[in-house]
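Worksheet: the structure to be examined is printed underneath.
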Amino acid sequence: MNRFKEECGVDYLVNEPSISPKPLYEILNECSRTFKVFCVLYTALKMGVFDCLSKPKTLAELCEETKANPDFMDKICKILVDLGFLVEENGFYKNSEISDVYLRRNSPLNQRSVFEDLRNNLKLWERLEEIAKSGPITIGEERFFKEHNESLASRALCGELQRTVKIISSLPEFKKARRLLDLGGGHGLYAIAFTKLNPNLEAYVFDFPEVLEKTKENISKFKAERVNVIAGNFFTDDIGEGYDIVFFSYNPGGRNPKLIPKIHASLKDGGIFVNKHVFHCKGEGTKSPLLDIEWCMVAWSGVKKASRIYSFEGNTTFEEYLEVLKKYFSIVKIVDAHKFAGYALTQLGDTLDAKIIVAKKI
Ligand SMILES: C[S@@+](CC[C@H](N)C(=O)[O-])C[C@H]1O[C@@H](n2cnc3c(N)ncnc32)[C@H](O)[C@@H]1O
């Protein structure tokens, strides 16, 4: 009855709605505020604010260098101070520690590519209606990974890479290892880090040829002398042999038991297979409804996705995968995500509840 009256326009001008709009407005306000914060941060990044403020500057000096309007820049700087990305002292602005490390262009840990990836991701989401009506956008898998390679590397450098490398390098087999395959290694930073920790190790990054262009840049950037690349498709091509360790992290084949015999054959006797992936367990529902949608918004021409985040046709449950794995390997240990996970962005690349399975060839 109430709702009928409101819809007829009799009641709602004088009586507050019988159903409170508060939950709706709380969500809209969160969306509005965080999008605007993102725009301020990204704009400051693009205008070079954090490059300029590695040394203290007045507002006038900052505006001259960034060619900004002082009224706008004044407001932007005040917001950045509130957010903790700038410090203001005696009329001078300068980077806070976090912005100097993660937002300054010349910093080795700068996260610019992550911002760009996030922005492109938001643009993809603006197409949700079109995609929900007409189906996913199809792009080549190789192109997708080429485009995301740099941001995946930057994200990994924020903790997950170092934590993972520590877990693997503490294995007794790592210290003795001479040959390591980083299968679907992408940016190659894992392989590079492994060779820095074991001076006798020769590492091989296997990936699509176009993705390896960035890998080669990283090999030179980090002056890695014992890291090589192998171009190919691990589903169809030879992956080599005689490895002491195969490291397999976040790949379309990571939950596909068909690759287990191939990886087994590529290892020396007693060799170690390290599989770091997000698995779905038997009877498990969704890990994230938002990420399930995002996963299905883009189809890859190379390999067929299934409907949940990070899943593909031909994937098994965690339990089924372990069953097949145990036919070829003995499980040394399984490490849960809280020991190595990076920071979430509610975006592809999130660690979720990934596991590191360390298995020894039998
Ligand atoms: C999500 S990235 C993971 C990169 C890195 N291993 C990590 O954990 O950060 C997946 C990588 O697997 C590569 N890849 C996917 N399918 C592949 C295939 N069939 N053959 C070779 N590489 C593949 C992609 O090009 C990409 O570099």
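One-based numbering, in listed order, for ligands and for the atoms of each. For this chain, numbers begin at 1 and follow the sequence in order. Predicted model, so just to flag it, every value in this text is computed and none were measured.
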Margin query: Would you say that more than 12 heavy atoms from the other residues, nucleotides or ligands in this model lie under 6.0 Å from the CD of Glu26, or not?
Written below: yes
Item checked: More than 12 heavy atoms of other groups within 6.0 Å of Glu64 CD -> no
Using a 4.0 Å heavy-atom threshold (strictly under), name the region of [X] that reaches ligand 1: side chain, backbone, both or neither.
X	result
Glu141	side chain
Leu152	side chain
Val211	side chain
Ser249	both
Tyr250	both

Tell me, please: is [X] in heavy-atom contact with ligand 1, that is, under 4.0 Å?
X	value
Phe144	no
Gly302	no
His187	yes
Ala156	no

List ligand 1 atoms under 4.0 Å from [X], heavy atoms only on the residue side.
X	result
Tyr190	7 (C), 8 (O), 9 (O)
Pro252	15 (C), 16 (N)
Gly232	20 (N), 21 (C)

Check: Without hydrogens or angle criteria, can the side chains of Glu213 and Asn149 be said to hold a donor-acceptor pair below 3.5 Å?
Finding: no
Check: Just checking, any donor-acceptor pair under 3.5 angstrom between side chains of Ser220 and Lys216?
Finding: no
Per-pair distances, 0.1 Å, donor-acceptor, side chain in residues 180-201, under 3.5 Å, sequence neighbours excluded:
from   : atom 1 : to     : atom 2 : distance (Å)
Asp182 : OD2    : Ala191 : N      : 3.4
His187 : ND1    : Leu189 : N      : 3.1
Tyr190 : OH     : Lys276 : NZ     : 3.2
Thr195 : OG1    : Ile192 : O      : 2.7
Lys196 : NZ     : Phe222 : O      : 2.7
Asn198 : OD1    : Asn200 : N      : 2.8
Asn198 : OD1    : Leu201 : N      : 3.3
Asn198 : ND2    : Phe174 : O      : 2.9
Asn198 : ND2    : Ala177 : O      : 3.0

Notebook entry, point to check: Should the ring pair Phe279 and Tyr321 be called parallel, tilted or perpendicular, given that the plane angle runs from 0 to 90° and is split at 30 and 60?
Noted result: tilted
Check: Relative to each other, are the rings of Tyr310 and Trp295 parallel, tilted or perpendicular (30° and 60° limits)?
Finding: perpendicular
Item checked: salt bridge (Lys or Arg N to Asp or Glu O under 4.0 Å), paired with Asp244, selected from Arg179, Lys268, Arg178 -> Lys268
